[in-house]
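Here's the structure, in structure tokens; my notes come after.
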Amino acid sequence: MPVFSFNDTLLLATILLSVGLAGVLIRRNLLFMLMSLDIMLNAAALVFVGAGARWHDAAGQVMFLLILALAAVETAVGLAIILCLHARGRPTLDADTGNLLQG
């Protein structure tokens with residue numbers, strides 16, 4: 001017998017997705033935006049794991065691993081952009097300065 005029902009999983013994923021979306025839309029700090037994107041990806045992964053557990057299908061766990069890899073790549077690219085901004089003499093995490101990166 002599962003501890004959490006599928007509806008509980010969907011509710012938690014919805015809350016996590018809302019928190020992540022609010023973080024992306026409200027915050028202008030690049031680090032907070034990266035963390036918010038990770039929260040949103042974790043919400044999607046939670047739905048896949050919950051659906052896999054509900055229908056006894058291993059595809060949910062496989063999708064979780066793919067989302068985990070995608071989150072790691074997204075974090076690496078985001079941190080590379082932050083380091084590139086820092087190397088060009090703009091040691092700020094404000095997202096509006098990102099449009100100054102050119103070739």
Side-chain angles (χ1 to χ4, degrees):
M1 179 173 173
V3 177
F4 297 107
S5 70
F6 186 60
N7 290 333
D8 293 339
T9 304
L10 287 178
L11 180 65
L12 179 62
T14 303
I15 291 170
L16 284 174
L17 188 73
S18 301
V19 168
L21 186 63
V24 168
L25 293 177
I26 293 173
R27 302 298 296 237
R28 301 307 306 162
N29 189 325
L30 285 175
L31 279 180
F32 281 106
M33 290 174 78
L34 280 175
M35 289 190 295
S36 299
L37 283 174
D38 280 340
I39 289 172
M40 291 170 65
L41 286 173
N42 282 329
L46 182 64
V47 170
F48 279 113
V49 169
R54 178 183 171 122
W55 287 293
H56 305 289
D57 190 8
Q61 282 80 16
V62 172
M63 287 301 296
F64 172 74
L65 290 175
L66 290 175
I67 290 174
L68 212 58
L70 178 69
V73 169
E74 172 259 331
T75 302
V77 169
L79 290 177
I81 290 172
I82 290 172
L83 285 176
C84 188
L85 279 172
H86 186 74
R88 292 186 183 224
R90 295 181 186 92
T92 180
L93 294 175
D94 187 21
D96 293 331
T97 62
N99 62 355
L100 301 175
L101 286 177
Q102 297 172 359

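Fair warning: this is a prediction, and the values are worked out from it, not measured in the lab.
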- Report whether L85 and L31 are members of the same hydrophobic cluster (ILVMFWY, side-chain heavy atoms less than 4.5 Å apart, transitive linking). yes

- Query: Could you give the distance from CG (L70) to CG (L37), rounded to the nearest 0.5 Å?
  - Reply: 10.0 Å

- Message: Can you tell me how far apart CD1 (I39) and CG (L34) are? Round to the nearest 0.5 Å.
- Response: 11.5 Å

Name each donor-acceptor pair under 3.5 Å that joins a side chain in residues 44-64 to protein atoms two or more places apart or in another chain, with its distance.
unit_1 : atom_1 : unit_2 : atom_2 : d
D57    : OD1    : A59    : N      : 3.4

- Please, which pairs that meet side chain to side chain donor-acceptor pair (under 3.5 Å) have at least one residue in residues 8-21, sequence neighbours excluded? S5-D8

- L65: partners by side-chain contact (heavy atoms from CB on, under 4.5 Å), with sequence neighbours left out: none

- Which residues satisfy the salt bridge (charged side-chain N to carboxylate O under 4.0 Å, His left out) test with R28, sequence neighbours excluded? D96

- Where I67 and L41 come nearest, the two heavy atoms and their spacing: CG2-O, 3.4 Å

- Using the side-chain contact (heavy atoms from CB on, under 4.5 Å) rule, pick out the option among V24, N29, V19 that qualifies with S36. V24

- Can you sort out the partners of D38 under side-chain hydrogen bond (donor to acceptor under 3.5 Å, both in side chains), two or more places apart, ordered by chain and number? T75

- Query: What's the verdict on side-chain contact (heavy atoms from CB on, under 4.5 Å) for L11 and I15, showing C-alpha distance, side-chain angles and the deciding distance?
  - Reply: CA-CA 6 Å; L11 180 65; I15 291 170; 4.2 Å; yes

- Query: Can L25 be reached from F32 by stepping across I, L, V, M, F, W or Y side chains whose heavy atoms are under 4.5 Å apart?
  - Reply: no

- Message: Which heavy atom of A13 sits nearest to which heavy atom of A43, and what is that distance?
- Response: O-CB, 3.4 Å

